[in-house]
Amino acid sequence: MNTFCMAPFSRMTGGPEGTYRTCCYHPPIEKRYTNVLDAFEGGEMQILRQRMLDGEHIKECESCYYYESIGELSQRQVINQEHTYIKEYHLEGLEISFNNKCNFACVTCKPESSSIWEDRVGKIDKITPDYSGVDFSKLKHLSFTGGEPTIQREFSPKFFAMLDEQVKYDTLFFSMNTNCSKFVHRPWVEFINKLKRVMIMTSIDGIGAVGEWVRLGLKMDIWEKNALRWKDLLKDNKEYTYGDMTSGVWSNFVMTNYNVFNVDETEKYLASLGIRMRKTNCFSPEYLSPEYLPDEIKKELPANDFVQNILNANEYNEKHCKEFMVYTKYLETFAPAPEEAKFVYRKLEEYYVAN
């Protein structure tokens, strides 16, 4: 398998708590830098680049290797389509997150990415990310992430005026992840209207009661209203964007033990709105992934190819299953889970009584 990835030579992701990494799937580099350019040129990134050049199988990149092994497009493959190796590399891709302010408490999330989770579990060590010195005119890809970017004051009219002076609208690919609870102000809309290559990823991990519990804070009627506003804004934008994804509105679905029966239903709902769906699995925390369930429970889960590929990835892990049960009880101290979301939990209860 080819393991070379252009990410370390071309891009950085700023974490909402002030960490930096080469892409959203890679663990943060250990040293705490303030400025993104210092992190990009730092020692850990230099080592990672050399490991790539040496053709090393890199453990931190396992998620990409996995998706490629099941025939799904990986982040590595997407990045390699956008960026070409040159010896004199520079920053061409940047994911910006200013802080962890968020109005949701999703089951897959953590305090580093959600202020509500931070309120639950206690203050975390945070450094304000610094993007000063970045030459935005050289960027091929710019992304906004969170927390939830639409409620963060740093994405201000002044910020968009700076972008307007620097970015190359004809070539820049812009993407944004949003929970779709809020829409955006006029300078934001005007910025997007000038772009040819833009993708808005409206996160949704299930619909109805399951979706609203898995992404606590979600209100389906508000989500749909804002998703359709995004769709209308991008209705004339047909340009190719990134990897196999064309411009427009997409939804990312992260599968867990809670919403495994909601995959097909969610895809049908999104199709009815004319919104395309990207399916991913929750690999962290591991205990939320159905791949570690006992075989007799796996047999009762949906037969679609995506689910089955995940189920076949690993064998039963008692530790992960019991951690999942403890976590479910903890989540229900905030809101009771709908019965569909508790199917796996109930089956594990029966399994441990019988065994």
Side-chain angles (χ1 to χ4, degrees), residues 1-5 7 21-27 56-80 106-110 201 203-206 210-211 214-215 243-245 250-267 277-328 331 340-352 355:
M1 176 189 292
N2 180 15
T3 59
F4 184 82
C5 179
R21 62 187 77 194
T22 189
C23 83
C24 59
Y25 291 104
H26 194 280
E56 182 179 332
H57 184 97
I58 297 175
K59 188 175 185 298
E60 299 95 305
C61 301
E62 284 295 339
S63 63
C64 282
Y65 302 153
Y66 171 75
Y67 282 119
E68 291 171 25
S69 74
I70 63 171
E72 296 282 340
L73 189 73
S74 72
Q75 182 81 337
R76 183 190 76 87
Q77 291 171 320
V78 170
I79 290 169
N80 285 356
C106 303
V107 300
T108 57
C109 203
K110 53 190 177 182
M201 187 65 78
S203 299
I204 190 168
D205 297 337
V210 172
V214 169
R215 296 181 63 83
D244 65 341
M245 293 192 218
W250 287 71
S251 279
N252 190 62
F253 181 101
V254 181
M255 187 175 72
T256 64
N257 287 331
Y258 300 120
N259 61 11
V260 65
F261 282 98
N262 212 247
V263 180
D264 290 340
E265 192 177 348
T266 303
E267 191 161 23
M277 177 172 162
R278 183 184 186 189
K279 296 186 280 282
T280 56
N281 184 56
C282 179
F283 292 112
S284 178
E286 290 179 308
Y287 54 77
L288 290 184
S289 176
E291 64 193 288
Y292 299 107
L293 296 172
D295 286 344
E296 58 199 79
I297 297 179
K298 288 181 178 180
K299 290 176 182 177
E300 298 191 52
L301 300 185
N304 74 60
D305 290 344
F306 176 76
V307 174
Q308 291 301 311
N309 280 332
I310 299 299
L311 296 184
N312 292 329
N314 264 301
E315 297 180 349
Y316 168 58
N317 185 302
E318 181 179 0
K319 178 176 179 289
H320 289 335
C321 288
K322 291 191 172 178
E323 286 175 332
F324 164 73
M325 297 184 76
V326 171
Y327 185 59
T328 303
L331 291 175
E340 182 185 325
K342 291 191 74 174
F343 177 88
V344 170
Y345 178 87
R346 300 288 190 211
K347 289 296 177 181
L348 283 171
E349 280 186 320
E350 295 172 7
Y351 179 83
Y352 288 124
N355 294 277

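- Residues forming a side-chain hydrogen bond (donor to acceptor under 3.5 Å, both in side chains) with K342 (at least two apart in sequence, or on another chain): E332.
- Between C61 atom SG and Q75 atom CD the span is 11.0 Å, to the nearest 0.5 Å.
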Would N259 and F253 count as a side chain to side chain contact (heavy atoms under 4.5 Å, CB included) here? Give the steps. CA-CA 10 Å; N259 61 11; F253 181 101; 3.5 Å; yes

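- Evaluation of the side-chain contact (heavy atoms from CB on, under 4.5 Å) rule for P27 yields E60 as partners, not counting sequence neighbours.
- For E296, there are no side-chain hydrogen bond (donor to acceptor under 3.5 Å, both in side chains) partners, not counting sequence neighbours.
- When atom types are taken as modelled, the side chain of T3 and the backbone of E56 share a donor-acceptor pair closer than 3.5 angstrom.
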Given the rule in the side chain to side chain contact (heavy atoms under 4.5 Å, CB included) test, do M277 and V263 qualify, once you have shown the distances and angles that lead to the verdict? CA-CA 10 Å; M277 177 172 162; V263 180; 4.1 Å; yes

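- Listed by chain and residue number, Y25 satisfy the side-chain contact (heavy atoms from CB on, under 4.5 Å) test with S63 (two or more places apart in sequence, or in another chain).
- Closest of all the heavy-atom pairs between M255 and V260 is SD-CG2, 3.9 Å.
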Can I get a per-line list of side-chain donor-acceptor pairs under 3.5 Å for residues 343-351, giving both atom names and the distance, sequence neighbours left out?
| from | atom 1 | to | atom 2 | distance (Å) |
| --- | --- | --- | --- | --- |
| R346 | NE | E339 | OE1 | 3.4 |
| R346 | NH2 | E339 | OE2 | 2.9 |
| K347 | NZ | E300 | OE1 | 3.2 |

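- Listed here is the closest heavy atom pair of E265 and N262: OE1-ND2, 3.3 Å.
- The side chain to side chain donor-acceptor pair (under 3.5 Å) analysis of residues 302-313, with sequence neighbours excluded, yields the pairs D264-N304.
- Under the salt bridge (charged side-chain N to carboxylate O under 4.0 Å, His left out) criterion, K322 pairs with E318, sequence neighbours left out.
- Between the R76 side chain and the C5 main chain, no donor and acceptor come within less than 3.5 Å of each other.
- A313 and E291 get closest at one heavy-atom pair: CB-OE1, 3.7 Å.
- Once rounded to the nearest 0.5 Å, the distance linking SG of C321 with CD1 of I297 reads 6.5 Å.
- When the salt bridge (charged side-chain N to carboxylate O under 4.0 Å, His left out) test is applied to E267, the partners found at least two apart in sequence or on another chain are K279.
- Of all the heavy atoms in C23 and I79, the pair that sits closest is CB-CD1, 4.4 Å.
- Applying the side-chain contact (heavy atoms from CB on, under 4.5 Å) test to K299 and every residue at least two apart in sequence or in another chain returns nothing.
- We find the CG-CZ distance between N80 and F4 to be 7.0 Å, quoted to the nearest 0.5 Å.
- Ring-plane geometry between Y258 and Y327 is classed as tilted, the angle between the planes lying from 30 to 60 degrees on a 0 to 90 degree scale.
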Test side chain to side chain contact (heavy atoms under 4.5 Å, CB included) on L293 and F324; report intermediate values, then the result. CA-CA 10 Å; L293 296 172; F324 164 73; 5.6 Å; no

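- Applying the side-chain hydrogen bond (donor to acceptor under 3.5 Å, both in side chains) rule to Y316 yields the partners Y352; only residues at least two apart in sequence or on another chain are considered.
- Nearest heavy-atom pair, P290 versus L301, reported as atom, atom and distance to 0.1 Å: CB-CD1, 4.2 Å.
- Judged as a ring-ring contact (aromatic ring centres under 6.0 Å, His included), and not counting sequence neighbours, the contacts of Y292 are H320.
- Judged by distance alone, the side chain of T22 and the main-chain N or O of A7 form a donor-acceptor pair under 3.5 Å.
- Atom OG1 of residue T108 and atom CG of residue N281 lie 11.0 Å apart, to the nearest 0.5 angstrom.
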Criterion side chain to side chain contact (heavy atoms under 4.5 Å, CB included) on Y287 and N257, from CA distance to verdict: CA-CA 9 Å; Y287 54 77; N257 287 331; over 6 Å; no

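- S203 is linked by a side-chain contact (heavy atoms from CB on, under 4.5 Å) to R215, counting only residues two or more places apart in sequence or in another chain.
- Closest of all the heavy-atom pairs between C64 and S74 is O-CB, 3.6 Å.
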